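The structure displayed is predicted, hence computed values, not measured ones.
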Amino acid sequence: FCVGGNWKMNGDQKSIAEISKTLSGAALDPNTEVVIGCPAIYLMYARNLLPCTVGVAGQNAYKVAKGAFTGEISPAMLKDIGADWVILGHSERRAIFNESDELIAEKAEHALAEGLKVIACIGETLDEREAGKTNEVVARQMCAYAKKVRDWTNVVVAYEPVWAIGTGKTATPEQAQEVHAFLRQWLTDNISKEVSAALRIQYGGSVTAANAKDLAKKPDIDGFLVGGASLKPEF
């Protein structure tokens with residue numbers, strides 16, 4: 001099971017110290033991999049405060065190692081300061097910053113080549129769901145990744161229905177499982193049975209302490225990517 005906490009553009013040194021203290025003192029399940037997606041400017045600070053059993057992820061990275069790309073950070077830089085993961089293709093990067101499927105896939109390809117593990121995000125908007133296009137959208141996003149990713153060992157896919165992020169709306173465990181099962185079958189048909197069986201698919205979209213247990217019981221849900229709720233002690 002793999003649980004990511006994506007802090008997004010939140011936090012300062014004081015609050016990060018408090019969260020790190022909570023995580024350090026918590027009785028975390030040794031069978032659950034925990035990864036924290038921290039704002040880039042605080043990554044090194046968080047890495048030094050968090051328990052070594054908790055992974056640290058950049059929330060984004062560019063598709064080349066270095067160069068004239070003002071404001072960007074590279075996978076090599078993330079590795080250099082102790083991060084071992086990067087979150088790519090989050091719906092906010094797609095919707096607000098207009099990142100294309102192709103760019104996100106290129107970023108994933110480069111991050112993996114540089115030795116980072118990747119949380120590869122996919123998901124549909126409310127309009128797309130209401131139009132019955134959920135499977136079509138997530139398949140399109142997965143196709144882009146599949147063109148660039150050769151080895152899926154260090155990839156975790158995060159399915160996040162955009163309509164359930166920060167809206168308080170949550171896909172029911174059944175709705176989430178339905179898409180996860182579709183993704184599992186897509187992987188079997190388009191990549192391989194082995195990858196389909198081994199790849200972890202996280203669910204993200206207003207996951208809380210209240211609904212986590214029911215979601216976790218579903219056969220094809222292998223973890224969570226938690227947004228704002230990961231800033232709270234209950235995380």
Side-chain angles (χ1 to χ4, degrees), residues 1-8 10-11 15-16 18-38 46 50-57 59 84-85 87 89-92 117-126 129 134-135 138 142 155-188 195-235:
F1 212 73
C2 182
V3 176
N6 176 14
W7 292 349
K8 306 191 180 181
N10 292 296
S15 63
I16 288 169
E18 283 167 11
I19 296 170
S20 300
K21 192 177 172 186
T22 302
L23 279 167
S24 299
L28 301 180
D29 185 338
N31 296 316
T32 297
E33 188 167 13
V34 181
V35 182
I36 296 298
C38 178
L50 287 164
C52 57
T53 50
V54 172
V56 172
Q59 295 179 9
D84 30 22
W85 288 81
I87 301 169
H90 192 280
S91 62
E92 289 153 6
K117 291 179 271 196
V118 171
I119 295 175
C121 301
I122 57 171
E124 83 285 15
T125 63
L126 184 59
R129 173 163 279 266
T134 295
N135 291 357
V138 295
M142 286 300 296
V155 179
V156 173
V157 167
Y159 165 62
E160 298 197 299
V162 182
W163 49 274
I165 298 175
T167 58
K169 288 183 185 178
T170 313
T172 63
E174 292 69 33
Q175 282 175 315
Q177 166 58 24
E178 193 182 328
V179 180
H180 281 239
F182 169 78
L183 288 166
R184 194 76 64 196
Q185 189 60 47
W186 186 93
L187 289 161
T188 300
V195 168
S196 180
L199 186 77
R200 293 175 293 180
I201 307 175
Q202 296 175 317
Y203 172 71
S206 300
V207 177
T208 63
N211 60 25
K213 280 193 172 63
D214 287 336
L215 287 162
K217 285 175 190 158
K218 295 296 176 186
D220 292 302
I221 296 178
D222 311 310
F224 303 123
L225 186 57
V226 183
S230 68
L231 297 159
K232 298 171 184 171
E234 73 165 20
F235 173 67

Colleague: Does some side-chain heavy atom of Leu199 sit less than 4.5 Å from a side-chain heavy atom of Val155?
Modeller: yes
Colleague: If I compare all heavy atoms of Leu50 with all of Ser20, which pair ends up nearest, and what's the gap?
Modeller: CD2-OG, 3.7 Å
Colleague: When rounded to the nearest 0.5 angstrom, what is the spacing between CG in Asn6 and CD in Glu92?
Modeller: 7.0 Å
Colleague: Test your reading of the model: is there a side-chain donor-acceptor pair from Gln202 to the backbone of Cys2, 3.5 Å cut-off?
Modeller: yes
Colleague: Under 30°, 30 to 60°, or over 60°: which ring-plane class applies to Phe1 and Phe224, parallel, tilted or perpendicular?
Modeller: perpendicular
Colleague: So which heavy atom on Gly204 is nearest to which on Pro161, and how close?
Modeller: O-CD, 3.2 Å
Colleague: Can any side-chain N or O of Asp84 pair as donor or acceptor with the backbone N or O of Ala57 at less than 3.5 Å?
Modeller: no
Colleague: Anything under 30° is parallel, anything over 60° is perpendicular, the rest tilted; go ahead and classify His180 against Tyr159.
Modeller: perpendicular
Colleague: How many angstroms lie between CD in Glu174 and CG in Asp214, if you round to the nearest 0.5 Å?
Modeller: 8.5 Å
Colleague: Test side-chain contact (heavy atoms from CB on, under 4.5 Å) on Phe235 and Leu23 and set out the steps.
Modeller: CA-CA 9 Å; Phe235 173 67; Leu23 279 167; 4.3 Å; yes
Colleague: Quick check: are there more than 12 heavy atoms from other residues, nucleotides or ligands sitting under 6.0 Å from CD of Glu178?
Modeller: no
Colleague: Looking at every non-hydrogen atom in both residues, tell me the closest pair between Gln59 and Lys8 and how far apart they are.
Modeller: NE2-O, 3.0 Å
Colleague: Mind checking what makes ring-ring contact (aromatic ring centres under 6.0 Å, His included) contact with Phe182, not counting sequence neighbours?
Modeller: none
Colleague: Does the side-chain contact (heavy atoms from CB on, under 4.5 Å) test come out yes or no for Ile87 and Cys121, once each step is laid out?
Modeller: CA-CA 7 Å; Ile87 301 169; Cys121 301; 3.8 Å; yes
Colleague: Go through the structure and list residues passing side-chain hydrogen bond (donor to acceptor under 3.5 Å, both in side chains) with Thr125, not counting sequence neighbours.
Modeller: Glu128
Colleague: What is the minimum heavy-atom distance between Ile119 and Ala158, and which atoms define it?
Modeller: CG2-CB, 3.8 Å
Colleague: Verify side-chain contact (heavy atoms from CB on, under 4.5 Å) between Val3 and Val207, making sure each step is shown before the conclusion.
Modeller: CA-CA 11 Å; Val3 176; Val207 177; over 6 Å; no
Colleague: Would you say the side chain of Met142 lies within less than 4.5 Å of the side chain of Leu187, judging by non-hydrogen atoms?
Modeller: yes
Colleague: Does anything in residues 21-37 form a side chain to side chain donor-acceptor pair (under 3.5 Å)? List the pairs, not counting sequence neighbours.
Modeller: Glu33-Arg200
Colleague: Using side-chain contact (heavy atoms from CB on, under 4.5 Å) as the criterion, point out the one residue from Asp222, Val138, Ile122 that pairs with Val157.
Modeller: Ile122
Colleague: What pair of heavy atoms forms the shortest contact from Asn211 to Ser206, and how long is it?
Modeller: ND2-O, 3.1 Å
Colleague: In sequence, state the C-alpha distance, the side-chain angles, and the governing distance for Ile19 and Ile36, and then conclude on side-chain contact (heavy atoms from CB on, under 4.5 Å).
Modeller: CA-CA 11 Å; Ile19 296 170; Ile36 296 298; 5.9 Å; no
Colleague: Please report the interatomic distance NZ(Lys218) to CD(Gln175), rounded to the nearest 0.5 Å.
Modeller: 11.0 Å
Colleague: Between the main-chain N or O of Trp163 and the side-chain N or O of Arg129, is there a donor-acceptor pair closer than 3.5 Å?
Modeller: no
Colleague: What's the shortest heavy-atom distance between Ala46 and Ile16, and which atoms?
Modeller: CB-CG2, 4.1 Å
Colleague: Could you measure the distance from the CG atom of Leu183 to the CD1 atom of Ile201? Nearest 0.5 Å is fine.
Modeller: 5.0 Å
